[in-house]
Amino acid sequence: MQTLVALGRGFLDRVIHRSSRQAGELERMRPDFDPDFYLAQFSEDDLLSDPLVHYLRTGWQDGLDPHPDFSTNGYLNMHLDVADAGMNPLLHYVTFGRDEGREVPPSHVSHLSRQARATAAINSAQQLDRDAVEVADEIDLAFYEATSGRTFPDAVAAARHYLQIGWEQGLDPTATFSTRAYLSHYPDIADANIPPFLHYIRAGRAEGRLAQDRADDVARILAASPTLESVENDWLFAHPEQVPMQRELGAQQLLAAVEATSDRLILAFTHDDFLKIRGGIQLCVGKEMRHAEEHGIGYIALHPARPRPRLAPLGESPVLYATIAGNRIGPLHIDSVLDVARRFRDSRKIDIVLHALLGHSPEDIAALSKSAGTQRLNAWLHDQFFLCPSYALQSNLVRQCGAPEPSSTACRMCLFGEERHEHLSRLRALLQLIPTLAIAPSKAAADIVFSKGDLPFERFEIVPHAHLSEGPAKAAPKLRQTTIAFIGAPKRHKGYATFRDIARRNLGRDDVRFLYFGSAKHVEPGVPTIPVDVTAETPTAMIDALERETVDFVLHWAQFVETYSFATVEAMQAGAHVITHAESGNVAALVRETGRGHIFEDTHALDAFLDRKTLAKATRQRRKKQRVLLTEPSTLSFSVLDKPVKPAAQPKQHVKKTTAQSRKVRAVS
């Protein structure tokens, strides 16, 4: 799923985007910028932490010159198109002007002496020395060396490194201070280009500013939660509005794409482009599409052109993209899809599969079902979206809520509370209008949805994404260090904050190392990143990487009820044991079923497990010879699409049936 669960995602995305763009601009300008010359245009009382950043942001607007051979005002007066565009003149010159052969007038203050520039540089260096001494009193030298991968003669040298470049690289001076979190929380410090730890020591601590994000700091995050509208705007910000192609043209392209397929067509609804986005639901849709292609079945995956953290507004038909055999068609209006369904309904069996409804219109799905002549809908319970737009059931994005009554105080305090009334009403109307089969990937997924008892599903089936079985026995290499890993998207609701915190507290130990497996772009000081990209072409990439690094334990401290967890299955296939807590849904169920892992009540018990002697004993136990776990993938929706429709049952029978059927299905399901 996309990161509804990441607090303030849109704001952070814009900050990161702005920082990345500025970093690129600075790099282009740096060879043509003379910092000593620039500083010589200021008095001795003016101290700049980074002259180039100052020039990029405000200096050029004040008419300051970046180099003896470059006049800011002269360039703008000579090239009025640049002035009209409001672009930094030096940035324009190094990006476009030089290649265009534009003339550059020299600075009118080029007569500034070398001595003046040298004096300015000396003043700046002396100020840096004074700042470094101030910071050195509080910097954790051992921690900073471990996270930066460097050694320093003393704390002053480490502080100087942090103030010069370390903070811009995202390094942290202590385990209890997060450079990135401080800049994210306080954009005034980021805009002022002040080393965050220096500001925190001088003023931030006394002002009550937060030094870091802690995994258990729920109260602060709840207090700072945005509105649902602001979260939605952040999502939409990254996806400009799309104008759908003409209705008949869209229908023609869809028809042409599936014309040669068999007498069967599947319309699958998902929430994003599963070919580009990595995740569990995306993996399921991709597997289904490949299975359909192998059997000559037409498979159209539909996702909104503009993702939303809720259903599409009532009365609005979202613009869609269709993916067929790996090719994307669109943007489309739902009417084009309705036309295709009407043309095929008499010649082909049409099934509708709901994988994810974020951004979709239940009313459009009902209309499509009528046009296609389908007898039922097939709805996957990959998450808890049928209970709340907060699909992980996290109150204000951070705390597990368990889906209380919509009228409860808990809902009134949650940013999803007001939306939840209409959300449930629209989904219930869809389920009452069209018989709907609920497909759960595990008993844990079924239990949480059907424990509510008021969703009018026709019936349910448990269809695990894969079945585990035991293979030959294999012993793990006996290495000196224990390896603890986090795999997949480094999101809070997946437990990454807990992993980050325990890694910080235990950096520098010679008996344990911490690794992150996933995006090559992810950076966590002191925790090496092992790039892994699981695709249709490399389905075992994560398992292979975990085996290469001989990972002993994978931490999956999920902050919600996991309905399946591919990450847990991959970890166990690689021979690792999984560390989790009792409320993690199918993660805990898999650990109980296989015996390959540890379930703790809270983070205090987790800290006790990381005690040197306790961890060493658990590692020896993990490395004993054990049978390899093998997986047999299921055919997902195809497991149930051909089953006949049964009469609707009462909610109590649903619950009993869940219990009865669960006896036939292993915990992996």
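Worth saying up front: this structure is predicted, and the values here are computed from it rather than measured.
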Donor-acceptor pair between [X] and [Y] side chains, under 3.5 angstrom:
X	Y	answer
Thr540	Asp544	yes
Asn378	Ser637	no
His522	Tyr496	yes
Ser584	Glu562	no
Thr374	Arg345	no

(Q) Before you tell me yes or no, could you show the steps for Tyr391 and Leu358 under side chain to side chain contact (heavy atoms under 4.5 Å, CB included), namely the whole-Å CA-CA distance, both residues' side-chain angles and the distance that decides it to 0.1 Å? (A) CA-CA 9 Å; Tyr391 58 80; Leu358 281 167; 4.0 Å; yes
By the ring pair (Phe, Tyr, Trp, His ring centres under 6.0 Å) test, which pairs, at least two apart or in different chains, include something from residues 312-351?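 Sorted result for residues 312-351: His303-Tyr321.
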Indicate yes or no for a side-chain donor-acceptor contact from [X] to the backbone of [Y] under 3.5 Å, with no hydrogens or angles considered.
X	Y	result
Ser425	His421	no
Arg306	Leu236	yes
Thr95	His92	no
Thr535	Thr538	yes
Gln394	Gln559	yes
Ser371	Ala367	yes
Ser634	Pro464	yes
Thr323	Gly326	no
Glu524	Val527	no
Asn396	Met413	yes

Does this structure show an ion pair linking [X] with [Y], if we count only N-O contacts that are shorter than 4.0 Å?
X	Y	result
Glu229	Arg310	yes
Arg348	Asp263	no
Arg459	Glu461	yes
Arg412	Glu418	no
Asp351	Arg264	yes

Measure the [atom1]-[atom2] distance between [X] and [Y] for me, rounded to the nearest 0.5 Å.
X	Y	atom1	atom2	value
Phe486	His556	CZ	NE2	7.0 Å
Leu183	Ser178	CG	OG	8.5 Å
Leu91	Leu56	CG	CG	6.5 Å
Arg428	Leu431	CZ	CG	9.0 Å

Q | Contacts of type ring-ring contact (aromatic ring centres under 6.0 Å, His included), residue Phe566, not counting sequence neighbours | A |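 Scan of Phe566 (ring-ring contact (aromatic ring centres under 6.0 Å, His included), adjacent residues dropped) gives His465, Tyr564.
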I need the minimum non-hydrogen distance between [X] and [Y], along with the two atoms involved.
X	Y	value
Pro318	His360	CG-CA, 4.2 Å
Ala466	Thr631	CB-CB, 4.3 Å
Ala366	Leu433	CB-CD2, 3.7 Å
Ala410	Pro404	CB-CG, 4.1 Å
Phe386	Trp380	CE1-O, 4.3 Å
Val561	Gly585	CG1-CA, 3.7 Å

Passing candidate, side-chain hydrogen bond (donor to acceptor under 3.5 Å, both in side chains) with Arg308, options His271, Glu232, His239:
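Filter result, single survivor: Glu232.
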message = Run the salt bridge (charged side-chain N to carboxylate O under 4.0 Å, His left out) test against Lys287 and tell me which residues pass, sequence neighbours left out.
response =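 Scan of Lys287 (salt bridge (charged side-chain N to carboxylate O under 4.0 Å, His left out), adjacent residues dropped) gives none.
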Requested in this report: Kindly write out the residues that satisfy salt bridge (charged side-chain N to carboxylate O under 4.0 Å, His left out) with Glu293, not counting sequence neighbours, or none if the list is empty.
Outcome: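 Partners of Glu293 by the salt bridge (charged side-chain N to carboxylate O under 4.0 Å, His left out) criterion come out as none, since no residue qualifies.
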For the residue pair [X] and [Y], establish whether any side-chain heavy-atom pair is separated by less than 4.5 Å.
X	Y	result
Val353	Leu641	yes
Leu338	Lys370	no
Ile439	Leu381	no
Thr529	Val523	no

How are the rings of His493 and Phe560 set to each other: parallel, tilted or perpendicular (split at 30° and 60°)?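 Tilted.
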(Q) Under the rule for side-chain hydrogen bond (donor to acceptor under 3.5 Å, both in side chains), what residues qualify as partners of Arg426, not counting sequence neighbours? (A)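 Once residues adjacent in sequence are excluded, the partners of Arg426 under the side-chain hydrogen bond (donor to acceptor under 3.5 Å, both in side chains) criterion are Glu363.
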Mind checking what makes side-chain hydrogen bond (donor to acceptor under 3.5 Å, both in side chains) contact with Asp533, not counting sequence neighbours?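 Checked Asp533 against side-chain hydrogen bond (donor to acceptor under 3.5 Å, both in side chains); matches are Arg278.
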**Asked** After noting the C-alpha distance and the side-chain angles of Ile334 and Val337, does the key distance pass the side chain to side chain contact (heavy atoms under 4.5 Å, CB included) rule?
**Response** CA-CA 5 Å; Ile334 187 65; Val337 185; 4.1 Å; yes
Over 12 non-hydrogen atoms of neighbours within 6.0 angstrom of [atom1] in [X]:
X	atom1	answer
Glu241	CD	no
Glu632	CD	no
Lys349	NZ	yes
Glu583	CD	no

May I have the step-by-step check of ring pair (Phe, Tyr, Trp, His ring centres under 6.0 Å) for Phe457 and Phe450, ending in yes or no? CA-CA 9 Å; Phe457 286 109; Phe450 286 96; 5.8 Å; yes
- Go through Ser565 and Asn586 one step at a time and tell me if the side-chain hydrogen bond (donor to acceptor under 3.5 Å, both in side chains) criterion holds. CA-CA 7 Å; Ser565 182; Asn586 202 48; over 6 Å; no
Can you list the steps and then say if Glu422 with Leu314 is a side chain to side chain contact (heavy atoms under 4.5 Å, CB included)? CA-CA 9 Å; Glu422 182 178 286; Leu314 184 63; 4.0 Å; yes
*asked:* Under the criterion side chain to side chain contact (heavy atoms under 4.5 Å, CB included), I'd like the reasoning laid out for Phe385 against Leu393: C-alpha separation, chi angles, the key distance, then a yes or no.
replied: CA-CA 8 Å; Phe385 192 72; Leu393 295 185; over 6 Å; no
Run the numbers on Glu248 and Arg343 for salt bridge (Lys or Arg N to Asp or Glu O under 4.0 Å), then give the verdict.
CA-CA 12 Å; Glu248 183 59 30; Arg343 297 188 193 188; 3.1 Å; yes
